[in-house]
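One-based numbering, in listed order, for ligands and for the atoms of each. Below, all heavy atoms of this structure are taken into account, side chains as well, without hydrogens, waters or symmetry copies.
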Amino acid sequence: MSAPNIETIVSLSKRRGFVFPASEIYGGLGSSWDYGSLGVELANNVKQSWWRWLVHERDDIEGLDSSIIQNRQVWKYSGHETTFSDPLVDCRACKGRFRQDKLLDVTCPKEPSANAGSGKECDLTEPKQFNLMFKTTVGAVSAEDDETALAYLRPETAQGIFINFANVLNTSRRKLPFGIAQIGKAFRNEVTPGNFIFRTREFEQMEMEYFCRPEDAQKIHQEFIDEFQGWFHSLGISAANLKLYEQTKEELAHYAERTVDILYRFFPERDDEEKQFDELMGIANRKDFDLMAHSKKPEDATGKRLNADSTEDLSYFDEATKQRFYPYVIEPAVGVNRTLLAILMDAYTEKTNDKGETRVILKLTPELAPIKVAVLPLAKNKPEIVAMAKDLKKQLLPAMRTVYDDTGGIGKLYARQDEIGTPFCVTVDHESLEDEAVTVRDRDTWDQERIKIAELKEHLRKKLD
Ligand code: ATP
């Protein structure tokens, strides 16, 4: 099973310390969320999985960490200053502001007044374009309206990769095809944020730009579409809750040849099956748009430079064919936060115990689980048991994230570890002092095994692998 709705995950997250509403003691900030001790571990594990899979395991991808604040020209020539906007509509009655293409996701904040269009429906204005980039000014002397000091918080990590193409190419001595991967924060002044961490104004992206010859782009694009579905499966997300969506000609960004989104069933409670799914990631064939846009050489029909400010030409010289061209780019772009939400929803399971009580089990894969093993003393008032448990925690820790917990009775402790996704609990009891063995309990089956302490680390390591 998986979570029946996002609300179930919101309450689990708050109860157990995955995610908290940001600025809560001051009434919150609508779309901001803070990650607690378990949330930050889970997010780190997701990012590590992505990084290891792409940058370490493959031989054709380099890593990068570019700045959040760049020269404003980056966003001028990428097209973001003029086109990175969403259609905004206002309700004349309730004064709510909505994104026209996402009206399904919002509810009217106030009951519209009686003179509104028709009954309870919002009375919407014509859409106007609203730019999503957050503005800031750079430098101590800058006045707020000083155009020369204007800068933006990046709305995506991708542009930082394109503008570093030549740096990475020259220092890594790569030949096509190769990719550059980056993980980092992005900021969008979303018109209608919401649905917990699904859509926020500050979020984190894992983006990879894969540079290739134009003639290879279609095939490589399809390979990444297939491989990313495999990666989501490896994170424990079931195939039944994933779906591909081919963007229509009308939906495609002006530079994209083909874009396929991988959707997740974020809204299982909706009657219409189609509306249960929403975007988890997008995989686009961006052609040669980006490298060309940031290059100094391309000219229009009259011989005028298309980019009057760039000092670099980001074309590629192919030694074999002696040809110079702008590589095509395949871009798989994933949100860390949406991936985390999909993982939590998919891992959520309920199980009934002997007493007929419902228990929550978070069936996270061992790779993702914030804690791999919890060592629990059966009697916390018995110093020898406590000492043995604490010592075991220390022994296991270098090989696997282990915690010691004595904050409740054993039943409560097991329930807590099940709910936060810890694959194994190790219990130290009175007998352990005699037989040098402990009980290992499995999160999913609740089966218990007696294991000799000398063999414990190897036993757990095998199970976790
Ligand atoms: P949407 O259509 O949902 O606004 P998008 O198509 O604009 O998303 P991209 O620009 O393709 O999104 O960004 C790549 C990924 O970054 C998305 O698939 C999503 O996982 C994540 N993402 C984008 N915007 C947000 C946001 N406001 N909050 C959380 N994650 C986001």
Side-chain angles (χ1 to χ4, degrees), residues 6 19 22 29-33 35 39 43 46-47 50 75 78-80 83-88 98-106 129-134 153-162 181-209 221 224-225 228-229 231-232 235 237 242-248 250-256 258-264 266-267 275 277-286 289-290 329-345:
I6 291 181
V19 184
L29 185 63
S31 90
S32 294
W33 299 88
Y35 289 73
V46 169
K47 288 184 271 185
W50 185 88
W75 309 106
S78 67
H80 283 78
T83 62
F84 196 64
S85 46
D86 279 337
L88 175 82
F98 311 108
R99 193 171 141 183
Q100 190 199 27
D101 59 335
K102 298 276 176 191
L103 282 174
L104 181 75
D105 291 351
V106 296
Q129 290 301 319
F130 173 73
N131 194 291
L132 300 184
M133 285 197 292
F134 276 102
L153 303 188
R154 68 177 173 202
E156 61 174 36
T157 59
Q159 298 303 321
I161 296 179
F162 300 132
Q182 162 156 246
I183 299 177
K185 289 254 172 148
F187 304 82
R188 296 181 187 177
N189 200 2
E190 297 277 0
V191 178
T192 36
N195 290 316
F196 190 38
I197 53 175
F198 177 81
R199 186 182 305 286
T200 51
R201 296 195 169 110
E202 172 182 342
F203 57 99
E204 213 165 1
Q205 290 186 311
M206 303 180 278
E207 294 196 294
M208 197 270 289
E209 309 301 325
H221 189 198
F224 278 118
I225 296 167
F228 266 87
Q229 291 176 82
W231 181 65
F232 286 124
L235 300 182
I237 298 177
L242 289 173
K243 195 159 105 168
L244 292 184
Y245 177 76
E246 185 90 35
Q247 287 194 6
T248 62
E250 293 72 42
E251 291 167 321
L252 279 179
H254 63 93
Y255 48 75
R258 181 187 175 213
T259 298
V260 173
D261 293 335
I262 299 184
L263 313 183
Y264 178 75
F266 285 107
F267 307 99
K275 293 185 175 137
F277 289 84
D278 211 329
E279 179 177 330
L280 174 57
M281 76 171 296
I283 309 171
N285 176 349
R286 302 174 65 112
F289 173 77
D290 306 282
V329 174
I330 305 300
E331 176 192 75
V334 201
V336 172
N337 319 76
R338 278 190 202 178
T339 304
L340 201 113
L341 180 57
I343 287 167
L344 286 172
M345 289 188 78

Please say whether [X] places an N or O atom under 3.5 Å from an N or O atom belonging to ligand 1.
X      : answer
Gly335 : yes
Glu207 : no
Gln205 : yes
Leu280 : yes

(message) If the cut-off is 4.0 Å to any non-hydrogen atom of Met281, which atoms of ligand 1 fall inside it?
(response)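 So the atoms of ligand 1 that pass are 18 (O).
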(request) Could you tell me which atoms of ligand 1, counted from 1 in the order shown, lie closer than 4.0 angstrom to a heavy atom of Glu190? (result)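 That gives atoms 24 (N), 26 (C), 27 (N) of ligand 1.
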Just need the protein heavy atom nearest to [atom], so name the residue and atom and give the distance.
atom                    : value
atom 2 (O) of ligand 1  : Glu279 OE1, 3.7 Å
atom 22 (N) of ligand 1 : Phe203 CE1, 3.5 Å
atom 29 (C) of ligand 1 : Phe198 O, 3.2 Å
atom 4 (O) of ligand 1  : Arg199 NH1, 2.7 Å
atom 28 (N) of ligand 1 : Thr200 N, 3.0 Å

Parallel under 30°, tilted from 30 to 60°, perpendicular over 60°: which one fits the rings of [X] and [Y]?
X      : Y      : result
Phe224 : Phe228 : tilted
Tyr264 : Phe266 : perpendicular
Tyr255 : Phe289 : parallel

(message) Less than 4.5 Å apart, side chain to side chain, heavy atoms only: is that true for Ile262 and Leu244?
(response)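 Heavy-atom side-chain distance check passes, below 4.5 Å.
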Out of curiosity, [X] [atom1] to [Y] [atom2], how far, rounded to the nearest 0.5 Å?
X      : Y      : atom1 : atom2 : result
Thr259 : His221 : OG1   : NE2   : 6.0 Å
Glu331 : Ile161 : CD    : CD1   : 8.0 Å
Leu344 : Thr339 : CG    : OG1   : 11.0 Å
Arg154 : Trp75  : CZ    : CH2   : 7.5 Å

(message) Is the contact between Met206 and ligand 1 made by the side chain, the backbone, both, or neither, using heavy atoms and a 4.0 Å cut-off?
(response) neither
(message) Would you say Tyr35 and Glu204 are linked by a side-chain donor-acceptor pair, where the criterion is simply a distance under 3.5 Å?
(response)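 Glu204 vs Tyr35: no donor-acceptor pair found between side chains.
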(message) I want to confirm something. Looking only at heavy atoms, which of Arg188, Glu331, Arg201 is nearest to atom 12 (O) of ligand 1?
(response) Arg188
